[in-house]
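What you see is a predicted model; the values in this text were computed from it and never measured. Just so you know, residue 1 is the first one in the sequence shown, and it goes up from there.
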Amino acid sequence: MKLIIKKFSSLECFKILSINPNSHLIDVRTEPEWNYVGIPDLSSIKKQALCISWKIYPEMRVNNNFEKQIIKFNIQKNNNLYFICRSGNRSYDAAKFLISKGFANCFNVSDGFEGKLNQHHKRTSMDGWKFHNLPWKQQ
């Protein structure tokens, strides 16, 4: 059976986070990305993005403590979890992993924080959290 992860754009995700109290944004990028590129700022909707790396920098190996770190934030297995990374790939893998662990509602923010590469190999010019001027901050 092939697992299907429902995807949402960053705009759709922010709207859902704004109206659904049982929804959480989990930023699965690495610490250097959070520090140098920025993180989603959910303070305007009285929430906080949870920064939990799916892959550990610099080796970029899967974080063996990922599920434990999610549970530490008192996340319930039936909460709506929206995973975001740079461009939608790591977040997809993290959502798929947690679904396999019994988390019922895991979704991928398909355009990510920085979006896809354009023809000049630059991000944040076509889509993504930053492109859509959604709130973000430097850590």
Review point. After noting the C-alpha distance and the side-chain angles of Phe97 and Trp54, does the key distance pass the ring pair (Phe, Tyr, Trp, His ring centres under 6.0 Å) rule?
Key: CA-CA 10 Å; Phe97 171 77; Trp54 170 242; 5.3 Å; yes
Review point. Judged by atom type as modelled, is there a donor-acceptor pair below 3.5 Å linking the side chain of Thr30 to the main-chain atoms of Tyr57?
Key: no
Exercise for review: Ignoring hydrogens and angles, tell me if any N or O in the side chain of Glu67 forms a donor-acceptor pair with the backbone of Asn65 under 3.5 Å.
Suggested key: no
Review point. Does CD belonging to Gln139 count more than 12 external heavy atoms closer than 6.0 Å?
Key: yes
Check your understanding: Should side-chain heavy atoms under 4.5 Å link Ile, Leu, Val, Met, Phe, Trp and Tyr, which residues sit in the same cluster as Ile19?
Key -> none
Check your understanding: Hey, is the main chain of Leu81 close enough, under 3.5 Å, to the side chain of Asn79 for a donor-acceptor pair?
Key -> no
Review point. Is the closest side-chain heavy-atom distance between Val28 and Phe66 below 4.5 Å?
Key: yes
**Study point:** Thr124 to Lys130 - nearest heavy-atom pair and separation
**Key:** CG2-CB, 3.6 Å
Point to revise | Residue pair Cys106 / Ala95: nearest heavy atoms and the distance that separates them | key: CB-O, 3.7 Å
**Study point:** Asn35 side chain reached by Glu31 side chain, heavy atoms, under 4.5 Å
**Key:** yes
Check your understanding: Salt bridge or not for Glu114 and Lys122, using N-O below 4.0 Å?
Key -> no
Check your understanding: If every non-hydrogen atom of Ile52 is compared with every non-hydrogen atom of Ile70, which pair is closest and at what distance?
Key -> CD1-CD1, 3.6 Å
**Study point:** Same cluster (ILVMFWY, side-chain, under 4.5 Å), Val109 and Trp136
**Key:** yes
Review point. Do Phe103 and Phe73 share a hydrophobic cluster, counting only Ile, Leu, Val, Met, Phe, Trp and Tyr and linking them when any side-chain heavy atoms are less than 4.5 Å apart?
Key: yes
Point to revise | NZ-CG distance between Lys72 and Leu50, expressed to the nearest 0.5 angstrom | key: 13.0 Å
Review point. Atom CG of Asn105 and atom CG of Asn80: how far apart are they, to the nearest 0.5 Å?
Key: 4.5 Å
Review point. How far apart are the closest heavy atoms of Gly115 and Asp127, and which atoms are they?
Key: CA-OD1, 3.1 Å
**Study point:** Hphob cluster co-occupancy, Ile84 + Ile5, side-chain heavy atoms under 4.5 angstrom
**Key:** no
Atom pairs and distances, donor-acceptor, side-chain atoms in residues 40-47, under 3.5 Å, two or more places apart:
| unit_1 | atom_1 | unit_2 | atom_2 | d |
| --- | --- | --- | --- | --- |
| Asp41 | OD1 | Ser43 | N | 3.1 |
| Asp41 | OD1 | Ser43 | OG | 2.8 |
| Lys47 | NZ | Leu17 | O | 3.0 |
| Lys47 | NZ | Asn20 | O | 2.7 |
| Lys47 | NZ | Ser23 | O | 2.8 |
| Lys47 | NZ | Ser23 | OG | 2.8 |

Practice item. Kindly determine whether Arg90 and Glu33 satisfy salt bridge (charged side-chain N to carboxylate O under 4.0 Å, His left out), including the steps that lead there. Key: CA-CA 13 Å; Arg90 284 173 284 173; Glu33 288 172 297; 2.9 Å; yes
Point to revise | NZ/NE/NH1/NH2 to OD/OE distance under 4.0 Å, Asp111 and Lys116 | key: no
Point to revise | Worked verdict on Phe8 versus Tyr82 for ring pair (Phe, Tyr, Trp, His ring centres under 6.0 Å) | key: CA-CA 8 Å; Phe8 291 88; Tyr82 294 84; 5.5 Å; yes
Point to revise | Nearest-0.5 Å distance, CG of residue Leu25 to SG of residue Cys51 | key: 8.5 Å
Review point. Quick one: are Asn89 and Ser87 in side-chain contact, heavy atoms under 4.5 Å?
Key: yes
Exercise for review: Answer yes if Val62 and Phe83 sit in the same cluster of Ile, Leu, Val, Met, Phe, Trp and Tyr residues linked by side chain heavy atoms under 4.5 Å apart, and no otherwise.
Suggested key: yes
**Study point:** hydrophobic_cluster_shared for Phe107 and Phe14, side chain cutoff 4.5 Å
**Key:** yes
Point to revise | Pairs involving residues 17-51, ordered by first then second residue, that meet ring-ring contact (aromatic ring centres under 6.0 Å, His included) (sequence neighbours left out) | key: none
Practice item. First locate atom OG of Ser53, then atom CZ of Arg29, and finally report the distance between them rounded to the nearest 0.5 Å. Key: 9.5 Å
Check your understanding: Looking only at atom types and distance, does a side-chain atom of Lys101 sit under 3.5 Å from a main-chain N or O of Lys77, one as donor and one as acceptor?
Key -> no
Exercise for review: Please answer whether the main-chain N or O of His121 pairs with a side-chain N or O of Asn118 as donor and acceptor at a distance below 3.5 Å.
Suggested key: yes
**Study point:** Any donor-acceptor N/O pair, Asn63 side chain to Lys55 backbone, under 3.5 Å
**Key:** no
**Study point:** Side chain Asn108, main chain Gly88, donor-acceptor under 3.5 Å
**Key:** yes
